[in-house]
Structure formats: C-alpha cells, structure tokens
Amino acid sequence: MLFVELARTSAAVASTSKRSDKVAAFADVFGRLAPDEIAPAVAFATGSTLIGRLGVGWATLRDVRPEPATTPSLTIGDVDRAVVTLASISGAGSQARRRDVLHELLAAATEPEQRLIVGIIGGELRQGALDGVVAAGVAKAAGVAVGQVQRGAMFAGSLPAAARVALTAGQPGLAAIELTPAQPVQPMLASPATDVGDALSNTGLASVEWKLDGARIQAHRSGGEVKLFTRNLNDVTDRLEGVARTVLELPGGDLVLDGEVLGLDADGAPRRFQDTMGDFGADETGRGSGLRAFFFDVLHAGGSLVDEPLATRRDVLSETVPETSRLPSIITADADDAAAFLDRAIAAGHEGVMVKDLESAYDAGRRGGAWRKVKPVYTFDLVVLAVEWGHGRRQGWLSNLHLGARGSDNEFVMVGKTFKGLTDELLRWQTERFLGLELGREGHIVHVRPEQVVEIAVDGVQVSTRYPGGVALRFARVRQYRHDKSAADADTIDQVRSLLR
DNA sequence: CACTTATAATC
DNA sequence: TTCGCAG
DNA sequence: CTGCGAAGATTATAAGTG
C-alpha cells in the first residue's frame, strides 16, 4: 500500500474531533493492508515506529526539510525500511549519514506524507488518536470487539503485534494470545487519589502497600532464564544483574513478577530518585548492581494469575518471594489504619502508598479505579517571572509559567515551570494579566514584572544543576492564583530548599 | 581531551 | 509524571 | 470513565566541536 494513504488518513483523523469518524477512517485503510504491512502501518498510525531509538529527534527534523515530492511513490514498506536503516546507523559520521537517509526519505514524500513522517519521528503527531483510537480501528477492520484487540495487545506486548493477529487470524487468533513468560505485558496502572479515605471509598477492603520512588520493573523467569523489563517494556536485564540473580534464585518454575527497583543507603533508607536513576540509566559495568527489587504482584507462577483476585496473587507472592524482596503492606478497609500506614511509609522516606482492591484482577494496561495512589502534596506561593506562548490547543494563550521563589533583596530565583492545572478560563485570564505585566520578549517567552503570586502544588523538590538556586520543583501544577498576596509575601528559596533531602 | 548538543529513558 | 477537556 | 494532549525535571550515552 502507498504510504500516502496512511498520511491522508492521519490528516483526516486530525481534522475531526469525532472519535467514531477517526475509527472508521483507520478501519478503512487497515482492512486493505497486506499482512507484512500491518504491524508497521499500525505503529505509524499511533505515531510511533516498531523500533525504539532512531537517533533522530526534533533538532534534526528542524534542519532537514527538503521540498515535498509532487507525486506519491513511497510504500509502507519503504518507510519501514528507512526507519530500520536510521536505527542501524552508528559510529563516527553517523549524524551526517542519518541526515542523508532522512533527507532522501522526506524528499520522496509528498506534503501530507512529510507531516506524518515528521510527526512519527518527532513523537508529536497530535492527530487526536493514539493506541486507544487505533485499537478501535483495528477491531472494526477485523470485525472483532475492541476489548479483544486490547487484551491481545496487552499480552503480546504491543498493539501492532496484536493488530497483525487480529487482521490475519481474527477473533480465534486473538483469543489464543496469552500471558507468556519472557514476553512482557503492559503493566497495570493506578489512578491518583487525594487521600487514603478517598482511595478506600473506591476499593473497599484493600491491600495498602508502600509506594517506592524508583522505577517499575517486570521480572520474567522462563526455562531458567531471567528477563527484566521497564514500565515501557524496554529490556534492562543486563543493567540489573543483582536483581536478575535474585529472581533466578526464587523457588518454583516459570514466573512473572511486578515490582519496583531502587537504591538503598547503607542504613536501608531509600536513595533519592535522582540517584536511583543514575544507577538505573548507567550501562552495564555493574553500576546498576546497587539497585534492589521489591515485588508487589505476581502475574504468573505455574500458570497465569492475571484473572485471579489480588488476594490470591498476594498469597502466591508471599509463598514465592521472601519478605526482604517484597513491599510492606497491610490489608484494611479502615481509613485510620491506612493513614497510619501511610505515615510510616513517609517516615521511612518513601513516596506514599498504593491502595488496591483485594478482589480486582490484574488489568494489564488499564488505569482504572482498582489501584489508587496516594502521596503527600506540598504547596508553595511563588512568583511568575515569565510565561511561554502555548502550542496546539493552547495556541494563542500564554501557557507555561516560569516560577520564582523569593531570594535576597527583591531578587527572585527560578525553580521550575508549569503548565498544569490551568482551566481554559484561567488560561484566558492569565494571558490578559501577563500581557499587562510584560517587560519584553525572547522567542516565545514573555518576561513579566514579578508581581503575580500563584499557589503551586508539588510532589517534592529535587537537586538541580540548571536552576540557580540548586533546586527544582517536581511535578509542579497550579492550584490557584493568590490575588490576596503580593510578591513580597511569596515563599522563599530557603523554604523550597528545605524540602530537599 | 574537555566541552557541548542531541537523543532517549525514568518519573 | 499531573491535570483539564471532549466524546 | 477513557483517551488524548498540554508540557515539566532528571539521568545517561553517543557523537560532534575546537
């Protein structure tokens, strides 16, 4: 199939807000793909490729922009092959060679094809459709239920893989896809709760577990071989030798575990997330060996457990994994008990707790109400130093706020940015407000007189080398504008720093 | 060799 | 990772 | 209730520059 068909479909999908129209458009093209085109085409439709790192990002895309071709000629296979080529280039001179390959690809692409390619490689397709809509398109084309496709994607580890099965083998093929050790599955996700009472009101009797501030890890043991995957299903086995050894030594046969890795200090206290990531990100050389795994769920042990209730999976976990490699947890429906447990987790230096419905199955890939996360929120009253013009649906509005804490003698120290928590009404208000405080412009940044105070919620702060105060906010979001406060009432840089540990 | 830029990963 | 909006 | 897009901070490594 010609790539331009996919490109036209993407453009059509972007131009409508009607989900059903998007689904129908995708279903039309998916139904006409040759078997070998299915996986790459579905990946392209979701704005990604079958391969992870291409070594090409926004900066390269910005520089390499040949004139579009006037006639479409590229096939789905052509684009797929170009992607494989890009990913394979390395060594000295690789940047120039990647540019050459990219230039050749884009020069052969018509205008809509260029838009799709740039969106895919840049990772910002913004067509109003990702895995959810595309899965629905696959289901429609294959004549099966969306849930079947989603389930297949969860256990096959990716939507493109499930799509190929759906479109070539239909419902029976999809039904045959099962959780298989050594084959990573989409991890179950949690939605946020304001406090443990809020969480428990949704879950009922729950397993309340420490939430560690590390990286999610999925451990598979199959035929005496261990594989470790991240939340995004990247294989990190050779970065975590110690963890792999631990899993290898557990009793029983084939096994799939869900957990978190992080580093511990000599006294057993959790290291800062930044330090854990330092070890985690480092290649081999044994640096990641300082990381330890703490498991909280088991998906497979002598058979699949994903459809079993959490209560059962917990029992299996405690029989399989020693307490030292498990997360502390309690079973309760009582908010006071849960709150006390949360306090202990915080006192031990951890991020918070997870509250999980004891009766719930392991809903791979879902972010439902069965798992809720609870972590403390801190607030600061900060001063807006500058604002950036928004993109996409925020085009024409001042959006991203530069935030400053009060330093010495009327100086403000920037500690981060945020665009979160703003309603459309607030965006309108702040655009007018900050244009009124404008001092000057620098690209898409509007500098303003430091007068407007805003209450900012954060999960915490972190050490920073790029911000002048040596501290940066973590997950900052707007709570409200403080019309009752002036800049002189804002919180100080020392108050922000006091949250460091 | 030191430093910068680009990319991709975690949260 | 958080949050608001639209379907 | 679900999916999407608005963008944040940090880390590491590879490749390019002077």
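Proteins get letters first, then strands, A, B, ... in listed order; numbering begins at 1 in each. Note that these values count all heavy atoms, side chains included, but never hydrogens, waters or copies made by symmetry.
Between His391(A) and His444(A), the two ring planes are tilted [angle within 30° to 60°].
Proximity of Arg393(A) to the phosphate of dC5(C): no side-chain N or O atom is located under 4.0 Å from OP1 or OP2. Proximity of Arg231(A) to the phosphate of dT1(C): a side-chain N or O atom is located under 4.0 Å from OP1 or OP2. A close approach under 4.0 Å does not occur between any side-chain nitrogen or oxygen of Arg474(A) and OP1 or OP2 of dT1(C). Look at Ser464(A) and you'll find a side-chain N or O under 4.0 angstrom from OP1 or OP2 of dT10(D). Contact between the side-chain N/O atoms of Arg126(A) and the OP1/OP2 oxygens of dA6(D) is found at a separation under 4.0 Å. Contact annotation: Thr418(A) side-chain N/O to dA7(D) OP1/OP2 distance is not under 4.0 Å. Not one side-chain nitrogen or oxygen of Lys420(A) sits closer than 4.0 Å to the OP1 or OP2 atom of dA7(D). Look at Lys375(A) and you'll find a side-chain N or O under 4.0 angstrom from OP1 or OP2 of dT2(C).
Note on Ala476(A): nothing from the nucleic acid sits closer than 4.0 angstrom, heavy atoms only. Using a 4.0 Å heavy-atom criterion, one finds that Arg62(A) contacts the sugar-phosphate atoms exclusively. Using a 4.0 Å heavy-atom criterion, one finds that Glu351(A) contacts no nucleic acid atom at all. Using a 4.0 Å heavy-atom distance criterion, Ser90(A) is classed as a sugar-phosphate-only contact. Across all strands shown, Thr276(A) has no heavy atoms under 4.0 Å from either base or sugar-phosphate atoms. Looking at heavy-atom distances under 4.0 Å, Gly369(A) makes no contact with the nucleic acid at all. Residue contacts for Gly52(A): at a heavy-atom cut-off of 4.0 Å it reaches no nucleic acid atom on any strand shown. When heavy atoms are screened at a 4.0 angstrom cut-off, Ala129(A) is found touching the sugar-phosphate backbone but no base atom. Across all strands shown, Asp275(A) has no heavy atoms under 4.0 Å from either base or sugar-phosphate atoms. Heavy atoms of Val463(A) sit under 4.0 angstrom from primed sugar atoms or phosphate atoms, though from no base atom. Backbone-only engagement by Gln127(A) is indicated by non-hydrogen atom pairs under 4.0 Å involving sugar-phosphate atoms exclusively.
In terms of position along DNA chain C, the nucleotide closest to Lys373(A) lies nearer the 5' end than the nucleotide closest to the other residue of the pair Ser17(A) and Lys373(A). Comparing Lys211(A) and Arg394(A) by the nucleotide of DNA chain C that holds the closest heavy atom to each, the one mapping nearer the 5' end is Lys211(A).
Using a 4.5 Å heavy-atom cutoff, the side chains of Thr431(A) and Arg428(A) are not in contact. Side-chain contact check for Val29(A) versus Arg8(A): every heavy-atom pair is 4.5 Å or farther apart. Side-chain contact check for Leu159(A) versus Met154(A): every heavy-atom pair is 4.5 Å or farther apart.
If you walk DNA chain B from 5' to 3' and mark each nucleotide with an atom closer than 4.0 Å to a heavy atom of chain A, the marks span dA6(B) to dC11(B).
Set against dT2(C), dT11(D), dG8(D), the side chain of Glu388(A) has dG8(D) as its closest nucleotide. When distances run from any side-chain atom of Arg477(A) to the nucleotides dG3(D), dA9(D), dT2(C), the shortest one goes to dT2(C). In the set dG3(D), dT10(D), dG16(D), dT10(D) carries the atom at the smallest distance from any side-chain atom of Arg466(A).
Rounding to whole angstrom units, CG of residue Leu500(A) and C1' of dT10(D) are separated by 13 Å. With rounding to whole Å, His391(A) atom NE2 is found 10 Å from dA7(D) atom C1'. Atom CD of Gln430(A) is separated from atom P of dA6(D) by 16 Å (rounded to the nearest Å). The nearest whole Å value for the distance from the CD atom in Gln480(A) to the C1' atom in dC3(C) is 16 Å. Atom P of nucleotide dC5(C) and atom CZ of Arg19(A) are separated by 20 Å, given to the nearest angstrom. Rounded to whole Å, the distance from CG on Leu426(A) to C1' on dT2(C) is 15 Å. Rounded to whole Å, atom P of dA7(D) lies 13 Å from atom CD1 of Ile445(A). The separation between Met277(A) atom CE and dT13(D) atom P is 12 Å, rounded to whole Å.
Between the side chains of Glu442(A) and His447(A), a donor-acceptor pair is found at a separation under 3.5 Å. Between Tyr362(A) and Asp307(A), the side chains place no donor N or O within less than 3.5 Å of an acceptor N or O (distance only, hydrogens not considered).
Cation-pi geometry between Arg239(A) and Phe280(A) is satisfied (NZ or CZ under 6.0 Å from the ring centre, within 45° of the ring normal). Remark: Arg474(A) qualifies as a cation-pi partner of Phe273(A) under the 6.0 Å distance and 45° angle criteria applied to the six-membered ring.
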Run the side chain to side chain contact (heavy atoms under 4.5 Å, CB included) test on Leu401(A) and Leu382(A) for me, step by step, so that the C-alpha distance in whole Å, both residues' side-chain angles and the decisive distance to 0.1 Å come before the verdict. CA-CA 11 Å; Leu401(A) 308 172; Leu382(A) 301 174; over 6 Å; no

Would Tyr481(A) and Trp429(A) count as a ring-ring contact (aromatic ring centres under 6.0 Å, His included) if you check the C-alpha gap in whole Å, the side-chain angles of each, and the deciding distance to 0.1 Å? CA-CA 10 Å; Tyr481(A) 277 105; Trp429(A) 177 84; 4.8 Å; yes

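The separation of dC11(B) from dA7(D), taken at their C1' atoms, amounts to 14 Å, rounded to a whole angstrom.
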